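Here is the structure we will look at, set down as structure tokens.
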Amino acid sequence: MLETLSNAPRDYSWGSVDLIPRLQGRVPSGIPEAEIWFGDHPGSPARVAGDQTLAAVRSAAGKAPLPYLLKILAASSSLSIQAHPSVAQAVAGFEREDAAGIPVDAPERTYRDRNHKPEIIVSLSERFRALVGLRPLARTRELLGALGEAGGVASLREALAGADAASALREVIAQVLEGGSADVVSDVSAAIVVADAPGFEEELDVLRAIVRDFPGDPGIVVALLMNLVVLHRGEAVFAPAGVLHAYQDGMGVELMAASDNVLRGGLTPKHIDVAELLRIVDTRPGVPAILGRRDAAEPMIFDVGVKDFRLRRVTSSADGEVAMALAGPTIVLAVSGSPSVATAAREIDLAPGEAAYADEETELILRGEGTVYVAEPGS
């Protein structure tokens with residue numbers, strides 16, 4: 001089986017007006033286009049030929065839902081700061097909220113399924129900026145040293161002076177999200193706007209945009225504690241269970257386990273369950289690894305060791321073809337050129353931003369000049 005996939009963009013407020021239309025060769029409508037989902041997730045299932053949803057096609061064939069969800073994501077301002085649970089945490093949390101009688105679709109519900117939600121994003125832009133994980137405290141103290149001597153800034157420096165970095169970070173996050181540190185939020189915000197911190201210019205650029213877009217939000221302080229990751233085209237970053245992250249700007253291919261379980265940590269009007277966030281978040285500081293290589297022409301495998309998904313980047317030349325062995329139900333997303341994908345029985349031409357779905361096939365052939373990302377179950 002080989003079918004085309006299509007879906008409408010999601011118009012979340014943080015989305016970019018022009019990045020996805022430019023990829024797809026369309027004139028921007030003036031409305032933010034944040035994500036296009038290619039998968040069978042009930043939140044926005046993609047459609048196959050004949051206007052059926054992929055979810056309906058798989059259900060009619062007696063197949064379980066896909067274990068992954070592939071997206072194009074395009075941001076012009078910060079997404080919410082968030083972390084996702086492990087499988088064990090998700091199962092326990094789902095059953096706990098079920099026992100409490102909280103409807104699955106209630107806005108205060110945290111666990112909407114029993115699954116984890118690790119995710120990887122690969123930059124399609126020249127630059128893609130994201131906050132990922134908590135920065136080593138020595139560097140955060142350097143940044144705070146450039147923010148002046150206002151009372152809230154001094155209080156934050158003192159709170160982060162302890163020897164146990166993970167505990168200090170956990171306590172600060174708890175205090176600001178629980179609403180007990182309004183002076184810290186306001187003083188840090190004011191200092192960010194005027195600060196001059198050599199070596200932190202890009203961090204301050206991101207933080208100033210956050211202060212502008214989320215005035216008074218306690219997530220400003222959480223964002224200040226996080227690593228800024230700048231991806232170049234073809235590079236990726238992985239956010240495993242428990243790791244705080246918030247994408248900032250740029251366009252990427254995102255692949256994740258199929259789940260709706262999100263624990264928020266600021267920069268959002270949505271419900272924040274501080275106690276549950278603190279239960280699952282990993283506050284150990286460290287620098288996240290950047291995966292992949294810029295504009296690598298050869299096939300690149302992004303395998304982060306989860307069973308739900310694996311992502312490959314494959315490029316073919318104008319007069320060449322590449323055979324791709326398949327490991328299960330597969331989605332192929334074109335991002336450049338005009339490639340085609342083929343089985344023994346059918347061939348589909350793809351333009352950038354278009355996708356195809358293959359199932360019960362052992363191999364696909366990629367032909368023509370272009371680059372595709374291939375999503376499939378992990379090992």
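As the structure is a prediction and not an experimental result, all values here were calculated from the model.
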Is any NZ, NE, NH1 or NH2 atom of the basic residue among [X] and [Y] found under 4.0 Å from an Asp or Glu carboxylate oxygen of the other?
X: Arg109; Y: Asp98; answer: yes
X: Glu203; Y: Arg135; answer: no
X: Arg26; Y: Glu33; answer: yes

- prompt: Going by heavy atoms in the side chains, are Leu134 and Thr140 under 4.5 Å from each other?
  reply: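 No - every pair of side-chain heavy atoms lies 4.5 Å or more apart.
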task: Flag the pair Arg279 / Gln89 as yes when at least one side-chain heavy-atom distance between them is below 4.5 Å, and no otherwise.
output: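 Contact flag for Arg279/Gln89 side chains = no.
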- prompt: Passes side-chain hydrogen bond (donor to acceptor under 3.5 Å, both in side chains), Asn261 versus Asn115? Steps please.
  reply: CA-CA 7 Å; Asn261 291 328; Asn115 201 14; over 6 Å; no
- prompt: Hey, quick one: are Ile36 and Leu23 part of the same hydrophobic cluster, counting side-chain heavy atoms closer than 4.5 Å, chains of contacts allowed?
  reply: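 Same cluster: Ile36 reaches Leu23 through Ile, Leu, Val, Met, Phe, Trp or Tyr contacts under 4.5 Å.
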message: Under a 3.5 Å cutoff, is there a donor and acceptor pairing between the side chains of Asn7 and Ser44?
response: yes
task: Scan residues 369-378 for pairs that pass salt bridge (Lys or Arg N to Asp or Glu O under 4.0 Å), counting only residues two or more places apart or in two chains.
output: Arg310-Glu376, Arg312-Glu376
query: So which pairs with a foot in residues 177-192 pass salt bridge (Lys or Arg N to Asp or Glu O under 4.0 Å), sequence neighbours left out?
result: none
- request: Measure the acute angle between the ring planes of His41 and Trp37, then classify it against the limits of 30° and 60° as parallel, tilted or perpendicular.
  value: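 Ring orientation, 0 to 90° scale: perpendicular.
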message: Counting the benzene-type ring for Trp, do Tyr247 and Phe128 have ring centres under 6.0 Å apart?
response: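 Between Tyr247 and Phe128, the centre distance is under 6.0 Å.
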